[in-house]
Trainee: 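My questions will all concern the structure given below.
Hydrogens, waters and symmetry mates are skipped; everything else that's a heavy atom, side chains included, is used.
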Amino acid sequence: MDERATTCCFTGHRPKALPWGTREDDARCVQLKMELAARLEGIYEAGWRHFLCGMALGCDTYFAEAVIALRAEHPDVTLEAVVPCGSQPDRWGVAQRQHYNDLLNACDKVTVLQIHYTPDCMQRRNRCMVDRSSLLLACYTGYPGGTQSTLLYARRQGVESVIIEIA
């Protein structure tokens, strides 16, 4: 079977674009995480088994955590980190880097696209994930940025998108 047919990638906002910022105990964030878990269960039931995550702060982290929880229930689920550059977490806080490393260690595969940051590496990462997937799951506020660009790219490539709206 074509791996792309059973691969789902993710896009979503970083904390600065989220109404609750970094406050994950905010009721809206808790609700989003529950919605994400429910959508992933439905995506699994529909046949997707391999999940790609760009490993940014915010929604990417929520997605990775939800896929790891899904894998605990369904051992045929795999999670692949698609890291834009090896230096991605270099400017993050100690706790953020530790959580990032814990998530990377929990992944079934880690793909690092390049060693050093370049202005286009995040977009390259997003396009790489879309090009390898038949489904894009997005947590989206409606505002312009990388999430919107990834959704538009997926549409141009004919990749189905499921959007969880963030108000």
Side-chain angles (χ1 to χ4, degrees), residues 7-44 46 48 50-71 77-85 88-89 91-93 95-97 99-104 106-107 109-113 117 120-157 159-167:
T7 299
C8 170
C9 65
F10 178 80
T11 190
H13 297 288
R14 291 185 179 94
K16 67 180 180 181
L18 297 171
W20 54 85
T22 59
R23 296 179 317 277
E24 291 186 38
D25 59 346
D26 183 286
R28 296 166 295 180
C29 183
V30 172
Q31 180 62 39
L32 175 64
K33 288 180 178 187
M34 290 172 42
E35 174 78 10
L36 193 53
R39 293 291 182 105
L40 280 169
E41 183 66 40
I43 288 167
Y44 174 84
W48 281 272
H50 187 60
F51 296 87
L52 305 177
C53 181
M55 302 303 293
L57 294 173
C59 290
D60 279 11
T61 300
Y62 311 158
F63 175 78
E65 293 167 346
V67 172
I68 291 165
L70 182 69
R71 185 179 62 199
V77 164
T78 56
L79 175 61
E80 180 179 347
V82 181
V83 178
C85 60
Q88 180 174 14
R91 294 187 179 179
W92 299 354
Q96 292 168 324
R97 282 195 313 271
H99 188 55
Y100 172 83
N101 288 327
D102 291 344
L103 290 174
L104 283 181
C107 288
K109 182 177 180 182
V110 176
T111 301
V112 180
L113 298 181
Y117 174 84
D120 67 338
C121 69
M122 303 298 172
Q123 181 182 38
R124 288 184 62 237
R125 182 255 338 260
N126 296 342
R127 288 182 174 206
C128 172
M129 291 193 306
V130 168
D131 290 344
R132 294 181 49 209
S133 302
S134 61
L135 180 67
L136 170 65
L137 177 60
C139 291
Y140 182 48
T141 62
Y143 293 110
T147 300
Q148 181 184 59
S149 296
T150 304
L151 281 162
L152 292 171
Y153 181 73
R155 182 178 300 150
R156 287 193 306 271
Q157 300 306 307
V159 172
E160 178 185 355
S161 296
V162 172
I163 299 172
I164 299 172
E165 294 183 12
I166 300 173

Trainee: Identify the residue among Val159, Thr11, Asn126, Val130 that makes a side-chain contact (heavy atoms from CB on, under 4.5 Å) with Tyr153.
Mentor: Val130
Trainee: Among residues at least two apart in sequence or on other chains, which ones pass side-chain hydrogen bond (donor to acceptor under 3.5 Å, both in side chains) with Gln148?
Mentor: Tyr140
Trainee: Taking Gly93's backbone N and O only, do any of them form a donor-acceptor pair with Gln96's side chain (distance below 3.5 Å, no angle check)?
Mentor: yes
Trainee: Are the side chain of Thr147 and the backbone of Gly12 linked by a donor-acceptor contact shorter than 3.5 Å?
Mentor: yes
Trainee: Identify, with sequence neighbours excluded, every residue that meets salt bridge (charged side-chain N to carboxylate O under 4.0 Å, His left out) alongside Arg28.
Mentor: Asp26
Trainee: I need the single residue from Leu70, Thr7, Thr78 that forms a side-chain contact (heavy atoms from CB on, under 4.5 Å) with Phe51. Which is it?
Mentor: Leu70
Trainee: Do Asn101 and Pro89 come within less than 4.5 Å of each other through their side chains, counting heavy atoms only?
Mentor: no
Trainee: Would you say Leu103 and Leu79 make side-chain contact, with heavy atoms under 4.5 Å?
Mentor: no
Trainee: To the closest 0.5 Å, what do you measure between CD (Glu65) and CG (Leu40)?
Mentor: 12.0 Å
Trainee: For Arg97 and Trp92, indicate whether the former's side chain and the latter's backbone hold a donor-acceptor pair under 3.5 Å.
Mentor: yes
Trainee: Is it the case that more than 12 heavy atoms not belonging to Arg91 sit under 6.0 Å from its CZ atom?
Mentor: no
Trainee: Kindly write out the residues that satisfy salt bridge (charged side-chain N to carboxylate O under 4.0 Å, His left out) with Glu160, not counting sequence neighbours, or none if the list is empty.
Mentor: none
Trainee: Does the side chain of Cys53 come within less than 4.5 Å of Val67's, by heavy atoms?
Mentor: no
Trainee: Nearest 0.5 angstrom please: Arg155 CZ to Leu136 CG, how far?
Mentor: 10.5 Å
Trainee: Heavy atoms, side chains only, cut-off 4.5 Å: are Glu24 and Lys33 in contact?
Mentor: yes
Trainee: Please give me the minimum heavy-atom distance between Thr141 and Ala17, naming the atom from each residue.
Mentor: CG2-O, 3.7 Å
Trainee: Would you say Trp20 and Leu32 make side-chain contact, with heavy atoms under 4.5 Å?
Mentor: yes
Trainee: Is the number of heavy atoms from other residues, nucleotides or ligands under 6.0 Å of Gln157 CD greater than 12?
Mentor: yes
Trainee: Would you indicate whether the side-chain heavy atoms of Tyr117 and Pro84 approach each other to under 4.5 Å?
Mentor: no
Trainee: Got a second to check how far Glu80's CD is from Met129's CE, nearest 0.5 Å?
Mentor: 10.0 Å
Trainee: Should Leu36 and Leu137 be marked as a side chain to side chain contact (heavy atoms under 4.5 Å, CB included) after you check the CA-CA gap, both sets of side-chain angles, and the distance that decides it?
Mentor: CA-CA 9 Å; Leu36 193 53; Leu137 177 60; 3.7 Å; yes
Trainee: What's the spacing between Leu151 CG and Arg156 CZ if we round to 0.5 Å?
Mentor: 11.0 Å
Trainee: For Tyr100 and Asp60, does a side-chain donor sit closer than 3.5 Å to a side-chain acceptor?
Mentor: no
Trainee: Can you sort out the partners of Val112 under side-chain contact (heavy atoms from CB on, under 4.5 Å), two or more places apart, ordered by chain and number?
Mentor: Val83, Val110
Trainee: Do side-chain atoms of Ser161 reach the backbone of Leu135 as a donor and acceptor pair under 3.5 angstrom?
Mentor: no
Trainee: Please enumerate all residues that pass salt bridge (charged side-chain N to carboxylate O under 4.0 Å, His left out) together with Arg71, with sequence neighbours excluded.
Mentor: Asp108
Trainee: Not counting sequence neighbours, which residues clear side-chain contact (heavy atoms from CB on, under 4.5 Å) with Glu35? List them please.
Mentor: Arg39, Ile164
Trainee: Would a 4.5 Å heavy-atom cut-off, applied to side chains only, mark Tyr62 and Leu18 as touching?
Mentor: yes
Trainee: Nearest heavy-atom pair of Thr61 and Ala56: which atoms, and what distance?
Mentor: OG1-O, 3.2 Å
Trainee: Verify whether one side chain among Ser134 and Trp48 offers a donor that lies under 3.5 Å from an acceptor in the other.
Mentor: yes
Trainee: So Ile166 and Pro19, do their side chains get closer than 4.5 Å, heavy atoms only?
Mentor: yes
Trainee: Please report the interatomic distance SG(Cys107) to NZ(Lys109), rounded to the nearest 0.5 Å.
Mentor: 11.5 Å
Trainee: Provide the closest heavy-atom pair for Arg132 versus Val82 in the form atom of the first, atom of the second, distance.
Mentor: NH1-CG2, 4.1 Å
